[in-house]
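In the text below, chain A, chain B and the rest are named by the order of the sequence lines, each starting its count at 1. Model, not experiment: these values are computed from the prediction.
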2 protein chains.
Amino acid sequence: MTTTALTPAQMADRTGVTIDTLRYYEREGLLTNVERASSGHRRYSEDDAIWVEVLRCLRDTGMTMAQLRHYCDLAEIGEDTKDERQQILMDHRVLVEAQIEERKTALRLIDHKLSFYSDFSGAELS
Amino acid sequence: MTTTALTPAQMADRTGVTIDTLRYYEREGLLTNVERASSGHRRYSEDDAIWVEVLRCLRDTGMTMAQLRHYCDLAEIGEDTKDERQQILMDHRVLVEAQIEERKTALRLIDHKLSFYSDFSGAELS
DNA sequence: CAACAACCTGGAGCGCACTCCAGGTCAAGT
DNA sequence: ACTTGACCTGGAGTGCGCTCCAGGTTGTTG
């Protein structure tokens with residue numbers, strides 16, 4: 001009754017992560033306990049797919065491979081690492097919020113610079 | 001009457017960019033027409049400092065070296081490239097806005113995942 | 001059963017943005 | 001005159017996160 005087992009190609013399609021990268025994540029310990037068919041071919045579970053989506057989200061917002069590996073290592077250990085895992089997410093949350101602020105500042109700066117292009121004046125700087 | 005000429009060390013201090021990186025930017029054409037003292041040592045102008053700050057802001061929000069070099073090349077050419085330079089900034093603006101949205105989505109996902117840690121339940125996924 | 005696609009492994013290679021280094025020059029202080 | 005420290009150049013090295021490859025196995029399709 002294991003709902004859907006995804007082939008590597010299906011998994012790549014589903015998550016938008018290439019097959020090579022999926023294997024790389026597994027090698028690096030960011031994706032654990034991936035099942036295999038009798039042929040030795042990987043069969044990804046729905047939970048794997050969801051985790052890869054989370055993983056990508058964390059990566060895209062600047063969490064490093066090392067941090068993600070650490071998080072996965074903790075998850076492997078089990079329940080008594082919940083607090084640390086929670087802390088990792090909370091710390092990353094703060095970081096993402098800072099990134100949003102940084103980008104809002106960037107928008108203001110870009111707008112400021114753009115104002116010189118829309119202006120009648122030909123001022124170049126500041 | 002050139003207000004303040006900054007030494008490399010002062011420039012690094014002012015902008016938060018290392019001396020090595022400043023030289024690297026210059027080599028790569030991201031920082032042009034830097035003056036020299038009679039000794040051959042660089043003397044950065046206030047405008048250089050401001051530009052490096054802008055440059056860092058654009059880099060930090062994902063503009064590549066190649067794009068920045070292109071922008072600088074255009075600025076070197078002069079007035080008739082203003083439209084293209086404006087367009088580059090407007091394009092980047094759109095990108096930064098998308099980054100903000102991406103990060104807001106990330107926050108929601110992190111919060112969702114955090115909710116499982118704060119819950120009474122010990123559910124692990126989704 | 002032949003051909004072909006999808007998958008496997010271990011390991012090498014790549015692009016980006018720095019970062020560091022060797023070997024030399026220049027300017028100021030003692 | 002000598003030391004010290006900031007700077008110069010050209011070029012090599014680094015770390016990260018993939019990405020690609022060779023050489024082999026498996027599974028499907030006609």
Chemist: Please list, chain by chain and in numerical order, all residues satisfying side chain to side chain contact (heavy atoms under 4.5 Å, CB included) with A:D73, sequence neighbours excluded.
Modeler: A:R69
Chemist: Going by the rule side chain to side chain contact (heavy atoms under 4.5 Å, CB included), which residues pair with A:D83 if we only count those two or more places apart in sequence or in a different chain?
Modeler: A:Q86
Chemist: Nearest-nucleotide wise, let me know which of A:S39 and A:G62 is further upstream toward the 5' end of DNA chain D.
Modeler: A:G62
Chemist: Once you round it to whole Å, what is the distance between C1' of D:dT9 and CG of B:L22?
Modeler: 16 Å
Chemist: Could you pull out all residues at least two apart from A:A37 that satisfy side chain to side chain contact (heavy atoms under 4.5 Å, CB included)?
Modeler: A:S39, A:R43
Chemist: Quickly work out the B:L58 CG to C:dC16 P distance and round it to whole Å.
Modeler: 18 Å
Chemist: When you get a sec, tell me which of D:dG17, D:dT9, C:dC8 is the closest nucleotide to the side chain of A:T64?
Modeler: D:dG17
Chemist: Which of the following nucleotides, C:dC8, D:dC8, C:dA6, is nearest to the side chain of A:R42?
Modeler: C:dC8
Chemist: Has A:T7 got a side-chain N or O lying under 4.0 Å from the OP1 or OP2 atom of C:dA6?
Modeler: no
Chemist: CD of B:Q10 versus P of D:dC7: gap in Å, rounded?
Modeler: 8 Å
Chemist: For A:L109, which residues count as a side chain to side chain contact (heavy atoms under 4.5 Å, CB included) partner, sequence neighbours excluded?
Modeler: B:V54, B:C57
Chemist: Output the rounded distance in Å from CG (B:L31) to C1' (C:dA17).
Modeler: 16 Å
Chemist: Assess whether a salt bridge exists between B:R14 and B:E46, defined as any Lys/Arg side-chain N lying under 4.0 Å from an Asp/Glu carboxylate O.
Modeler: yes
Chemist: To the nearest angstrom, how far is A:E26 atom CD from C:dG10 atom C1'?
Modeler: 14 Å
Chemist: How many whole angstroms separate atom CG of B:L68 from atom C1' of C:dC16?
Modeler: 13 Å
Chemist: Please state how far atom CZ in A:R69 lies from atom C1' in D:dG15, giving the value in whole angstrom units.
Modeler: 13 Å
Chemist: Just say parallel, tilted or perpendicular for the rings of A:Y71 and B:Y117, cut-offs at 30° and 60°.
Modeler: perpendicular
Chemist: Between C:dA6, D:dC7, C:dA17, which nucleotide has the shortest distance from any of its atoms to the side chain of B:M65?
Modeler: C:dA17
Chemist: Taking OP1 and OP2 of D:dC18, is either one under 4.0 Å from a side-chain nitrogen or oxygen of A:R59?
Modeler: yes
Chemist: Could you state the OH-C1' distance from B:Y25 to C:dA17, rounded to the nearest angstrom?
Modeler: 8 Å
Chemist: Return whichever of A:M63 or A:S38 has its heavy-atom-nearest nucleotide of DNA chain D closer to the 5' end.
Modeler: A:M63
Chemist: Sort me out a list of protein N/O and nucleotides 19-22 of chain D N/O pairs below 3.5 Å, or just none if empty.
Modeler:
unit_1: D:dC20; atom_1: N4; unit_2: A:D20; atom_2: OD1; d: 3.4

Chemist: Once salt bridge (charged side-chain N to carboxylate O under 4.0 Å, His left out) is applied, what residue pairs with a partner in residues 87-96 of chain B remain, sequence neighbours excluded?
Modeler: A:D111-B:R93, B:R93-B:E97
